[in-house]
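Within every chain, numbering begins at 1; the chains are lettered A, B, ... in the order of the sequence lines, protein sequences first and strands thereafter. Side-chain atoms are counted along with the backbone in the values below, which use heavy atoms only and exclude waters and symmetry mates.
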Amino acid sequence: MARALESPPASLPAPAERAEPAAREDRLARILAPIVIAILVVGGWEAIVRVHEIPHYILPGPSLIARELVESWPVLWPSLLITVKIAALALAAAIVGGVGLALLCSLSRWIEIALFPYAVVLQVTPVVSIAPLILIYVDHTLTAVVLCAWIVAFFPILSNTMLGLASADHNLRDLFELYGASRWQQLRLLRLPTALPYFLGGLRIAGGLSLIGAVVAEYVAGTAGTGTGLAFRVLEAQYRLNIPRMFAGLLLLALTGVAIYLLFGALSHLLLHRWHESAVRRER
Amino acid sequence: MSLALAPQTEADEPGRETAATPLVRLEGVSKVFANGTVALAGLDLVIGRHEFVSLLGPSGCGKSTALRLIAGLGRPTRGRIVGPEGAARGAVGFVFQEPTLMPWATVFDNVWLPLRLQGIGRREAEPRVGEVLAMVGLADFAHAYPRELSGGMKMRVSIARALVTRPSLLLMDEPFAALDEITRLKLNDELLALWRAQSWTVVFVTHSVYESVYLSTRIVVMAPRPGRVVADLPIDAPWPRDEAFRTSTAYNALCRRVSAELHRAMEG
């Protein structure tokens, strides 16, 4: 055939050289706008606390919280690591369990019919109400807490991966059949790549949920538990009416959640930016 | 030039000389879908080696169903199909209406797929993939992703993928229907040039009278409800076919004739 009549594909120049003034302004605004809001809120908060002389055991000002964060860092940091470890273990187990079960379901409709209702039951039962039972029956507290967090994190991975595995293009499936592809080839070359964006979507949800699950489980475990996670520190600070430390702990938890979200967002972009609509920059 | 229904004798007309050796034979093929739709009712069709056969008809006449059955995608409810040997090993190439490329894979990987499914490694497949990409004019785009290509280029990749196994039979299901007119005419010419240079047989599903007359050595007109063959017309227009042919009176006469058959088919 002759040379292509159509124009060659638009190559994708480096972001720096293609960033038009308008695009740069937009990016600047995206960073600046939240910062302006933060300054207004934090400044207003500090002003109110100082003007009304609110006692620190009722509402500490941001400056006091910052000082507390620095001073109790030797206590909070190891606790944060423990909470992150619980969340990470739960998420890893959720990935293995969720993807594994989704694969089993895609292999056999009967497995799906038999098991999926129980996955739903597990999902809709509030973890706060199951956690005390788990803590009774599972001796090893860390295992029990991870189990609680796993229950919360695993369902979005399962349901998203199942949806993804079932979403392969019908014509492509026909093509694989035409060339006599084995089940393993279909899975590896067609179903798994199709499921990847769905899985990554589930992972972003599950990442945040695993942290929430870890915090809830730590709260329930309380003093009977490991006693060193960040959620426990917040609880402990409450008992001691150390309100600034409660805020410091919450701040750390929130930042951790944001970090997890950004991490998986970056992972998703890294894996999808060459081909998937969700990650491809639109040319205008 | 008039349309001759008798076998014609022109020496450079490629469809004729080997029509005696059938490549595909459909005998009393019926297809009834689970919802009761009769897609095909007793279809008899013999396709000879190196023919370019168009299945022409309105939507619902079972032309795509017939094509899929020839490819071995699904089984006929009644009747039997004798296809080329080794269909699963790449003796049959299939081009869908959409390019049907894997968006996560490069052009190279997409074209490599049929060979890969037969256990041929990347290194080993490289010359063959390079060859078909050059054939469709995309040698420079092996590492591009489908989303970086225009609609016409994606369709070329799809054609390259169908050709990479060196099939004896190429099945095309309205491959150019979604393309713009200019690209479509160009791809028509390129497909014809390739077909004349190679030794394959083509079965081409279309609903365009003009396209089918331009491309084919034979047009099978089908009618819907239930899907069946109503006319089988050899197209004896000379080769090569080009822009001059597209504006010739002979071409217009053939189009009128085929249109008349199509109208008769649709009226009942």
Side-chain angles (χ1 to χ4, degrees), chain A residues 1-14 18 164-165 167-201 267-284, chain B residues 68 71-74 86-90 92-94 96-106 109 113-119 134-141 144-153 156 158-162 165 171 173 180 182-183 185-187 189-191 193-194:
Chain A
M1 280 190 194
R3 178 97 340 226
L5 181 71
E6 304 83 358
S7 57
S11 58
L12 303 168
R18 50 159 272 116
L165 288 172
S167 296
D169 181 89
H170 281 250
N171 284 340
L172 274 174
R173 275 194 235 178
D174 283 347
L175 196 79
F176 273 70
E177 192 190 328
L178 183 73
Y179 290 113
S182 65
R183 276 184 89 122
W184 166 241
Q185 284 175 322
Q186 279 204 31
L187 181 68
R188 192 166 59 93
L189 298 175
L190 178 60
R191 284 164 171 270
L192 285 180
T194 305
L196 184 65
Y198 295 82
F199 164 75
L200 289 169
L267 179 73
S268 182
H269 181 80
L270 194 71
L271 291 173
L272 302 181
H273 74 110
R274 286 303 302 263
W275 64 275
H276 197 255
E277 301 296 340
S278 70
V280 162
R281 293 163 64 94
R282 287 187 70 188
E283 304 274 346
R284 283 180 190 260
Chain B
R68 293 173 55 85
L73 297 169
R89 293 190 305 277
V92 176
F94 202 106
F96 296 91
Q97 182 174 346
E98 296 86 30
T100 313
L101 303 176
M102 301 180 290
W104 56 84
T106 60
D109 286 355
L113 180 74
L115 299 176
R116 194 178 186 182
L117 293 176
Q118 293 167 21
M135 245 155 78
V136 299
L138 289 177
D140 297 337
F141 295 100
Y145 281 80
R147 55 162 290 273
E148 298 166 344
L149 305 179
S150 69
M153 293 166 93
R156 286 166 208 264
S158 186
I159 292 170
R161 179 181 61 196
T165 57
L171 305 173
D173 189 0
D180 62 275
I182 297 165
T183 310
L185 295 183
K186 187 166 169 53
L187 283 177
D189 283 338
E190 295 177 3
L191 177 65
L194 275 177

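- In this structure, CH2 on W104(B) lies 15.5 Å from CZ on R147(B), to the nearest 0.5 angstrom.
- Proximity of a side-chain donor or acceptor of R156(B) to a complementary backbone N or O of G137(B) within less than 3.5 Å is not detected.
- Interatomic distance, OG1 of T106(B) versus CD of E148(B), reported as 10.0 Å (0.5 Å rounding).
- The line from CG of N171(A) to CZ of F96(B) is 4.5 Å long, rounded to the nearest 0.5 Å.
- Residues meeting the side-chain contact (heavy atoms from CB on, under 4.5 Å) test with P146(B), sequence neighbours left out: L101(B), N110(B).
- The greatest number of non-hydrogen atom pairs below 4.5 Å with chain B, out of D174(A), L272(A), D169(A), is found for D174(A).
- Among the residues in residues 188-197 of chain A, those with a non-hydrogen atom closer than 4.5 angstrom to a non-hydrogen atom of chain B are R188(A), L189(A), L190(A), P193(A), T194(A).
- Note: R116(B) leads R116(B), E98(B), Q97(B) in heavy-atom pairs under 4.5 Å with chain A.
- Put simply, CG on L117(B) and CG on L113(B) are 4.5 Å apart, with the number rounded to the nearest 0.5 Å.
- Side chains of Y179(A) and T165(B) form a contact here, defined as non-hydrogen atoms less than 4.5 Å apart.
- The most heavy-atom pairs under 4.5 Å with chain A, out of T100(B), D173(B), D109(B), come from T100(B).
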